[in-house]
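Before any comments, here is the structure.
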Amino acid sequence: MASTLQFTAISGAHNEDAVCYLLEIDEAKILLDCGSFADYSGEGLARLQRVARQVDAVLLSHPDMAHVGAYPLAFKQYGLTCQAYATQATHMMGALCLQDTVKTLMARQEFDLFNVRDVNAAFDNVTALQYSQPKALMRHGHIVVTAYAAGHTIGGTIWTISNGAETVLYATDFNHTREEHLRRSSVMEGTEGMLNRRLVRPTLLITSSYNALHDVAPRRARIDSFLDSVGAVVRRGGNVLIPVDSAARVLEIAYILNEWWPRERSRRDTHALCLLGTCSRKIRSFAQSLVGWMAPSVEGHMSDRDTKPFDLRYVSILQSMEDLHRRLRGDTRSRGRPRRAVVLAPMDTLDMGFSQELLLRWAGDKKNAVILPQRGPPGSLARSLFTRWHDRTQRGRPAGTPMHMESPVRLSRARVPLTVKKRVPLEGKELEAWRAQEQRRREQEAARDAQLQRNRDMLDDDASSGSEDEADAKVAEVAADVFSEIDLETERLLSGQSFDLLVRGRGPVRGLSTAGLSYCMFPFHEKNRRIDDYGEIYDPDTYAIKVDANDVDMMLDIEASEEESDDEAPAHPTKPIVEQRNLHISCQLSYVDLEGLVSGNSLRNIIVNLIPKRVVIVHGSANSTRALVNYCRDPAVQLTKDVFAPALGEILNVSSGINAYQVRIADALFKHIPMATVRGNSVGFLSGRIRYAQDAQVPTLDAADAEGLDNEWVPPVAVGDPRLSTLRSALEKHGITTRFDSDAALICNEIVAIRRTTSARTSSDCFRILGTPSQDFYRIRSLVNHYLVTL
């Protein structure tokens, strides 16, 4: 039957918003990423809500807000409860990214869309995969998804989705070059710049135009520029703010700075290198457990130092502004003077979190600097600062030309409007009202807990009268009748109005008949001990270490040794407020591209060499999307002209019309097929007859009867690598002199020409050997046939 393929852009088309797309392949609906920025606004969430309950699977590509930001919200409120798939690293770091975002939002405003427990519940629904691991979808077993390394973030993924007839390559954010702590993308293979053969010739390529107009300097030059900018500020005694994301690109930047920091002892005496975030300790711990997802050089480099891989020994891991203040206090190393700092602080938007708080404190000092390692989401303060930097450094250049890196600038007399949301402590009448309300709540909870515990103690059976389960059943059966009887007495007891508890008989209790009797009893009950097969059952809370809130040193030690709790502990009584400010920026501002994405020129070359049948371009500004579409449709570019740039909400039919059929090969026929090995795969040629069994849904290809077959000659089929460059290397190993002429023909021994053409019968690539019959002609033809596999 013919395979159907439809694509819908839910978010992230003709703009740089968070990405979320719906791919419909046959009857399966697959959600490609589920991103949203921290403001959780826009029409993308409304479109996601309309389709969430229809989705059969979710593929998560990167552990950042642009790719996983809306997943807990959709899981909790939109009904997106189908199975989700991600690599193990994306699974772990994506959950940390959202935990950090939730804690940051709750610390500044009333946020009730979801909480940390909802994040954990959502990511418990994610199936963790390894790279190159094929995985059949749970509800549609004929559709197989495979994750490949993207090289952009730890565990970052480009996906292939295949149903046998159609193969979709989803590669929006990837990096074709190796980074300090990451391998390069699986799109590239080997060291010669060749593309991965498993990813070439997809039916549909879905890619991003985010960097289509963004060409940058080589990676080493950008890193040197970044370190020079940090070093210049440190030498003049200023602070450096580097806004980063929570759990993705922050690892690359922290690793670069950690390797560079000990080269000069003077900076270690005057400055502190800090990673400031509510989940920073978890991020480092998780990164150390995910070294297998990093570049091999990370583990090898750390093994030479006899330390843990990705130890970040020179980076101070801090979780609050108070920790930063304590870290910057004067000590013996700084000779009693307060130290300065180079701080990696989330969020990368600069609209909230520690990065915004530090910006408000440091922006007015000319010695300080803000270094942007990425452009920031559209509409954010970071994007506004990048735009100002871009306008200052790109002045005089023609519009639409590729952007190049420039030196840092100062925004003198610049006033940036800023919305500051934060919580302030309650005071006066508000504080008194809160305390009264809290006291009533605690009294109600204490009364309820005491009442339940008292009633359970009175009705609890001893160990000799039955098992624990029987006692619990008896409590549940009798408690409903007893609660209403002793409610008043319990309330009087807890309030101090009485010291006796009047117990009315309700039938036989503990084998004694108490009908018609009442007793005034002192409110004490000795609870019988419960045991199981291993002895007495104990309460772990009895042996828990209780820490005094005033013992700050002990609390810090426990926090450093134990993992933070995911529960949101209630802080001091606060209320959210909103302030509108004009931020005066006197500090130095610079931008160095450390986003870890493929450049525009390399992206165009990769798209051409992937040889896709259809191309869908998403996730880029209107100008970059238009530029990439025009390039792909250029007649001079050897690429399919089926190039699409769908609008938001547009349903795009990208089916190829290929018919796919499933047959079962009979064992008697399969064992007689002569097989040959091509690129690690076994291939063979067979002919038979389709037979339909009565109870089988899939037909069987069986050996045909001799008299039932038309004795028609079948031309041989050559299978192999049709690249002339590879064939040239094979011929030269046998002493054949070769060269390419101006028509791209391979000339062998100056008498034989080999051209690569397209077969009119099969519409596939083939070799055409031209020359005068001679000994060299037949020898070269024999070598070519030996190079290929004839079926």
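At a threshold of 4.0 Å, the pair Glu357-Arg108 does not count as salt-bridged, since none of the basic side-chain nitrogens sits closer than that to a carboxylate oxygen. Ion pairing of Arg375 with Glu595 is present here, as a side-chain N (NZ or NE/NH1/NH2) and a carboxylate O approach within less than 4.0 Å. Remark: Arg139 does not engage Glu27 in a salt bridge, criterion side-chain N to carboxylate O under 4.0 Å. Salt bridge present: Glu16 and Arg383 bring a charged side-chain N and a carboxylate O closer than 4.0 Å.
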Please determine whether side chain to side chain contact (heavy atoms under 4.5 Å, CB included) holds for the pair Asp391 and Arg388, giving the CA-CA distance in whole Å, both sets of side-chain angles, and the decisive distance to 0.1 Å. CA-CA 5 Å; Asp391 295 341; Arg388 292 169 182 262; 5.7 Å; no

Go through it in stages, so that I can follow the logic: the residues are Glu180 and Arg220, the test is salt bridge (charged side-chain N to carboxylate O under 4.0 Å, His left out), and I'd like the CA-CA distance, side-chain angles, deciding distance and then a yes or no. CA-CA 10 Å; Glu180 296 299 313; Arg220 189 69 259 172; 3.6 Å; yes

Is there a side chain to side chain contact (heavy atoms under 4.5 Å, CB included) between Asp56 and Ile30? Walk through the geometry before answering. CA-CA 6 Å; Asp56 298 305; Ile30 304 174; 5.9 Å; no

Would Leu594 and Glu252 satisfy side chain to side chain contact (heavy atoms under 4.5 Å, CB included), going step by step from the backbone distance to the final call? CA-CA 9 Å; Leu594 295 178; Glu252 173 73 7; over 6 Å; no

Just do the side-chain hydrogen bond (donor to acceptor under 3.5 Å, both in side chains) check on Gln99 and Asn120 with the steps written out, would you? CA-CA 8 Å; Gln99 289 176 14; Asn120 296 333; 2.9 Å; yes

How far apart are the C-alpha atoms of Phe114 and Phe111, what are their side-chain angles, what is the distance that settles it, and do they pass the ring pair (Phe, Tyr, Trp, His ring centres under 6.0 Å) test? CA-CA 8 Å; Phe114 57 90; Phe111 182 78; 5.4 Å; yes

Decide yes or no on side chain to side chain contact (heavy atoms under 4.5 Å, CB included) for Tyr85 and Val126, but give the supporting numbers first. CA-CA 5 Å; Tyr85 301 90; Val126 176; 5.9 Å; no

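Taking both residues in full, the closest heavy atoms of Ile371 and Ser229 are given as CD1-CB, 3.9 Å, listed atom of the first, atom of the second, then distance. Taking every heavy atom of both residues into account, Ala9 and Ala647 meet most closely at CB-O, 4.0 Å. Considering every non-hydrogen atom in both Ile283 and Ser246, the closest pair reads CD1-O, 2.6 Å. Across all their heavy atoms, Ala248 and Thr153 have their closest contact at CB-CG2, 3.7 Å. Counting all heavy atoms, side chain and backbone alike, Ala345 lies closest to Ser355 at O-CB, 3.6 Å. Nearest heavy atom pair, residue Leu48 against residue Ala74, reads CD2-CB, 4.1 Å.
A donor and an acceptor atom, one from each side chain of Thr387 and Ser384, are nowhere located under 3.5 Å apart. A donor-acceptor contact under 3.5 angstrom links the side chains of His176 and Ser602, judged on distance only. If you check the side chains of Asn601 and Ser599, you find no donor sitting under 3.5 Å from an acceptor. His62 and Asp33 share no donor-acceptor pair across their side chains, judged by distance under 3.5 Å alone. If you check the side chains of Ser41 and Asp39, you find a donor sitting under 3.5 Å from an acceptor. For the residue pair Ser209 / Thr625, a side-chain donor-acceptor distance below 3.5 Å is found, with atom types taken as modelled. For the residue pair Thr104 and Thr101, no side-chain donor N or O sits within less than 3.5 Å of a side-chain acceptor on the partner. Judged by distance alone, the side chains of Ser280 and Gln319 never bring a donor and an acceptor atom under 3.5 Å apart.
Inter-residue side-chain proximity for Asp100 and Met347 is flagged as met; some heavy-atom pair is nearer than 4.5 Å. Using a 4.5 Å heavy-atom threshold, the side chains of Ile158 and Leu199 count as touching. No side-chain heavy atom of Val119 sits under 4.5 Å from any side-chain heavy atom of Phe75. Leu204 is listed as a side-chain neighbour of Leu5, based on a closest heavy-atom distance under 4.5 Å. Taking the side chain as every heavy atom from C-beta outward, Asp348 and Leu350 never approach each other to under 4.5 Å. Contact of the Leu32 side chain with the Trp159 side chain is not registered, since no non-hydrogen atoms from C-beta on lie closer than 4.5 Å. Annotation: side chain of Arg249 is in contact with side chain of His152 (closest heavy-atom distance under 4.5 Å). Phe7 places none of its side-chain heavy atoms less than 4.5 Å from the side chain of Asn653.
To the nearest 0.5 Å, atom CG of residue Leu213 and atom OG of residue Ser621 are 6.5 Å apart. Note that CG of Leu169 is 8.5 Å distant from CD1 of Ile206, once rounded to the nearest 0.5 Å. The distance from the CG atom of Leu195 to the CG atom of Asn609 is 5.0 Å, given to the nearest 0.5 Å. To the nearest 0.5 Å, atoms CG (Leu652) and CD (Glu24) are separated by 11.5 Å. Rounded to the nearest 0.5 Å, atoms CG (Leu22) and CG (Leu31) are 6.5 Å apart.
Contacts of Ser285 classified as side-chain hydrogen bond (donor to acceptor under 3.5 Å, both in side chains), with partners at least two apart in sequence or in another chain: none.
Side-chain atoms of Asn163 come within 3.5 Å of backbone N or O of Glu166 as a donor-acceptor pair. Under a 3.5 Å cut-off, the side chain of Ser11 and the backbone N or O of Ala18 do form a donor-acceptor pair. In this structure, the side chain of Thr203 engages the main chain of Thr167 through a donor-acceptor pair within 3.5 Å. Between the side chain of Thr393 and the backbone N or O of Trp389 there is at least one donor-acceptor pair closer than 3.5 Å. No side-chain donor-acceptor contact under 3.5 Å links Asp593 to the backbone of Pro373. Listed for the Arg183 side chain is a donor-acceptor partner under 3.5 Å among the backbone atoms of Met294. Using modelled atom types, one side-chain atom of Asn115 and one backbone atom of Asp118 make a donor-acceptor pair closer than 3.5 Å. The backbone N or O of Ala149 sits less than 3.5 Å from a side-chain atom of Ser186, completing a donor-acceptor pair.
Taking the six-membered ring for Trp and thresholds of 30 and 60 degrees, Tyr210 and His619 have nearly parallel ring planes, at less than 30 degrees apart. Below 30°, between 30° and 60°, or above 60°: for Phe310 and His181 the angle between ring planes is between 30° and 60°, a tilted geometry. Ring planes of Phe386 and His390: tilted class, angle from 30 to 60°.
Within 6.0 Å of atom CG in Leu113, more than 12 heavy atoms from other residues, nucleotides or ligands are found, so the atom counts as buried in its surroundings. More than 12 heavy atoms of other residues, nucleotides or ligands lie within 6.0 Å of CZ in Arg633, so this atom counts as buried by the packing criterion. A 6.0 Å sphere centred on CD of Gln54 holds more than 12 heavy atoms belonging to other residues, nucleotides or ligands.
When the options Leu60, Asp173, Leu59 are evaluated for a side-chain contact (heavy atoms from CB on, under 4.5 Å) with His67, the one that passes is Asp173.
Taking the ring centroids of Phe123 and Tyr71, they lie under the 6.0 Å cut-off.
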